[in-house]
2 protein chains.
Amino acid sequence: MRARPTLEKVAARAGVSRATASRVVNGSTRVAPRIREAVNRAVEELGYVPNQAARSLVTQRADSIALVFPEPATRVFSDDPTFAGIIRGVSLEIEEADKQLVLMLTGPDGSYQRVERYATNGHVDGVIVASMHGTDPLPGILTRRGVPVVCGGRPSVPGDLRYVDMDNAGGAERAVRHLVERGRRRIATIAGPQDMIAGIDRLAGYRDVLRDSDHRSIVAVGDFTRESGAIAMRQLLADDPDLDAVFVANDLMALGALRTLGRAGRAVPGDVAVVGFDDIPAAAYAEPPLTTVRQPTVEMGRRLARMVLDPEDRAPVVLPTELVVRESTRRS
Amino acid sequence: MRARPTLEKVAARAGVSRATASRVVNGSTRVAPRIREAVNRAVEELGYVPNQAARSLVTQRADSIALVFPEPATRVFSDDPTFAGIIRGVSLEIEEADKQLVLMLTGPDGSYQRVERYATNGHVDGVIVASMHGTDPLPGILTRRGVPVVCGGRPSVPGDLRYVDMDNAGGAERAVRHLVERGRRRIATIAGPQDMIAGIDRLAGYRDVLRDSDHRSIVAVGDFTRESGAIAMRQLLADDPDLDAVFVANDLMALGALRTLGRAGRAVPGDVAVVGFDDIPAAAYAEPPLTTVRQPTVEMGRRLARMVLDPEDRAPVVLPTELVVRESTRRS
DNA sequence: GAGTCATGTGAGAGCGCTCTCACGAGCATC
DNA sequence: GATGCTCGTGAGAGCGCTCTCACATGACTC
């Protein structure tokens, strides 16, 4: 289709002024029924769709929101379904609000200034930052510039940034308590990176429970990749050959750990019980199926979107996590 | 947010007209060096960034392209890193062209008309459709409406649609030939859905090699999910208990198949060799590590983006796939 | 010294839309 | 019948930008 019809054409066809046509298109009530009908008919017949650029120009709204994945997230992006869940959730909510989703994956270089420029210039009504490190400067900068921002994950610097987070500490506590209840004595952990809030909080949850239950804590640190989980598990086994349980800060690392355990001849859950975190689809398909902590990723996306669309909504949200018990922690 | 400076302000500060300021901002060469410099300084000092809406309004370009995942893709989205790779690739290329990426995941309902309306109305310079079924009507509709479209995956109806595809048949052939060379006699396959081009082509590759090498073909069909792979494998085992190899049309199903084999007491690769397709990260971490066919997902994204940005480029692209040999087909 | 030409610059139109404001019609009030 | 409403409608300004066109300037030709 070449020439797209303009409001002018619609108005002409309906025999009204452009202003009235605009009123009908934008759903104003103060239009006489028969005129409204005439305009709607004209819209229908002409296949009219408003030109967003023209609209934005005058309303100063963009009717679109940006979802930014800073570089560290981008790196894990391809292998961690968590992000896919968040994207789905955001997309669903955005669609309901009849807005558009602009996805920005920032590269390793300074392409983050690109985001800054883009976002501070009215191209977008709000920005969702899937902040991995809680220390990312971007949310602060944008907020100061007056752009509505919401962080996915609690920023590590307490401030007035709005955020939606998972109950990481609570989930970790439940997971570790579960291991204690199953009679495990030497419970180690493979923690996530300690510059990410999820890594920090999950480790804190582990520590809290062990302290209260009088167990010793045994910690190795990974970076949330399978590979690092496998390596950390090896190290743990070397440090304490008698450990009989591991709480792993995410499923990807837990899968790596499972592999190391298998190769080291340790039976799971016979010799060692394993709990992961995230409940990615692969967890249920691990051998043995992995006990893990489920987090509502799609819901997180939805809440992020809803919050960014409502600048008044300032209350942080912490979404509940849930322990999913499978074979990897079966009573031995 | 303080009022963003307009071109007018920049021009005033630099002591030139709006037109000249515009020339400098848009990189016209026909501007005197010292004036160009003055304007650039003003831009710098004021922190000027062009208003995209205003620009689009007059240029009729949107400087953004849409990446559409039709519903079936959306469903697998969360668990198949293939899509993440494509998104990364598209994002990289789009970023280089200094344009924006609008992501649209269509829901199960008719939200696809939303895409149609959006795309046919100049909001977007082009559309990339990650067409799962080759029969999706969307690409055709948009093309006819004059919107540049590129399909990810060859459309099943031969026509003039532009596309970038993987060499599915070639990859499948190499995989099956590999099994033959390793001395496997009864080579089964778990095919993908036969309404998706990837499913069809991979099965065709399998059939071609077996026909030529005088093996019998044994086929079960899955839907590219782990679960369906596990089920299909059970069926295959029931159909032909003596099979000694399986070519599985994607890694997710292969992972499911591996699990079934393990539970059925079949050693891999001792009793049964397994080859997957995709080379997702989990494949290398399977037990045993999975021989599979690697496809360049990021490259596919890049090519899709490049093609959609250049409406003249009409030549279909078929990207090479590569066999990655791992433990699951070790010589027995 | 008049004519030609390339070159750089500014004036101004106009992209398609929203929104303010003024106005006329209809109705109730006094 | 004059006054004051409300209600629906149209005229018109203007959002920030690009781009065409006309114009000014200076270099060059004959």
Side-chain angles (χ1 to χ4, degrees), chain A residues 1-40 42-43 46-64 98 117-118 120-125, chain B residues 1-40 42-43 46-64 98 117-118 120-125:
Chain A
M1 174 164 53
R2 284 297 106 79
R4 299 176 287 125
T6 68
L7 231 208
E8 192 80 51
K9 295 253 189 295
V10 172
R13 179 164 196 123
V16 299
S17 74
R18 207 172 57 241
T20 299
S22 174
R23 284 187 191 99
V24 173
V25 169
N26 292 290
S28 162
T29 46
R30 342 193 109 258
V31 176
R34 60 184 326 147
I35 289 199
R36 186 203 316 283
E37 225 169 274
V39 173
N40 281 330
V43 166
L46 264 35
Y48 170 78
V49 183
N51 177 315
Q52 188 55 47
R55 189 177 263 178
S56 293
L57 187 56
V58 29
T59 59
Q60 307 281 23
R61 281 179 289 103
D63 280 338
S64 72
D98 208 30
R117 283 177 36 133
Y118 183 73
T120 53
N121 234 62
H123 295 317
V124 131
D125 300 322
Chain B
M1 172 159 55
R2 50 195 172 294
R4 300 177 286 124
T6 68
L7 231 208
E8 191 80 52
K9 295 253 189 295
V10 172
R13 179 164 195 125
V16 299
S17 74
R18 207 173 58 242
T20 298
S22 175
R23 283 188 191 97
V24 173
V25 169
N26 291 290
S28 162
T29 47
R30 345 192 107 258
V31 176
R34 61 185 322 149
I35 290 200
R36 185 204 315 285
E37 226 170 272
V39 173
N40 280 331
V43 165
L46 262 36
Y48 170 77
V49 183
N51 178 316
Q52 188 55 48
R55 188 177 266 178
S56 294
L57 187 56
V58 30
T59 58
Q60 307 282 23
R61 281 180 288 103
D63 280 338
S64 70
D98 207 31
R117 283 177 37 132
Y118 183 73
T120 53
N121 234 64
H123 295 317
V124 131
D125 301 322

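FYI, side chains are in, hydrogens and waters are out, and symmetry mates aren't considered; it's all heavy atoms of this structure. What you are looking at is a predicted structure, and each value in this text was computed from that prediction instead of being measured. In what follows, every chain begins at residue 1, and chains take the letters A, B, ... in the order their sequences are listed.
Among all heavy-atom pairs drawn from B:V25 and B:P50, the shortest one is CG1-CG, 4.1 Å. Considering every non-hydrogen atom in both A:Y48 and A:T6, the closest pair reads CE1-C, 3.6 Å. The minimum heavy-atom distance linking B:A62 with B:D125 is given by the pair N-OD1, 2.8 Å. Closest approach of B:L7 to B:R18, counting heavy atoms only: CD1-O, 3.7 Å.
Defining each end axis of the helix from C:dG1-D:dC30 to C:dC30-D:dG1 as the rotation carrying four pairs' C1' atoms onto the next four, with five pairs an end, the two axes are found to diverge by 50° to 10 degrees.
Looking at heavy atoms from C-beta onward, B:N26 lies in side-chain contact with B:R55 at the 4.5 angstrom threshold.
Taking CD of A:E8 as the reference point, atom OG of A:S17 lies at 9.5 Å (rounded to 0.5 Å). Summarising the geometry, atom CZ belonging to A:R23 is positioned 5.0 Å from atom OG1 belonging to A:T20; distances are rounded to the nearest 0.5 Å. Residue B:D63 holds its CG atom at 4.5 Å from CD of B:Q52, rounded to the nearest 0.5 Å.
Of all the residues in residues 16-26 of chain A, A:R18, A:A19, A:S22, A:R23, A:N26 reach under 4.0 Å from DNA chain C with at least one non-hydrogen atom.
Nucleotides of DNA chain D lying under 4.0 Å from heavy atoms of chain B occupy a range whose first and last members, 5' to 3', are D:dG16 to D:dT20.
The nearest heavy atom of DNA chain C to B:P33 and to A:V49 marks one nucleotide each, and the one closer to the 5' end goes with B:P33. Mapping B:V58 and B:A32 onto DNA chain C via the closest heavy atom, the residue that lands nearer the 5' end is B:A32.
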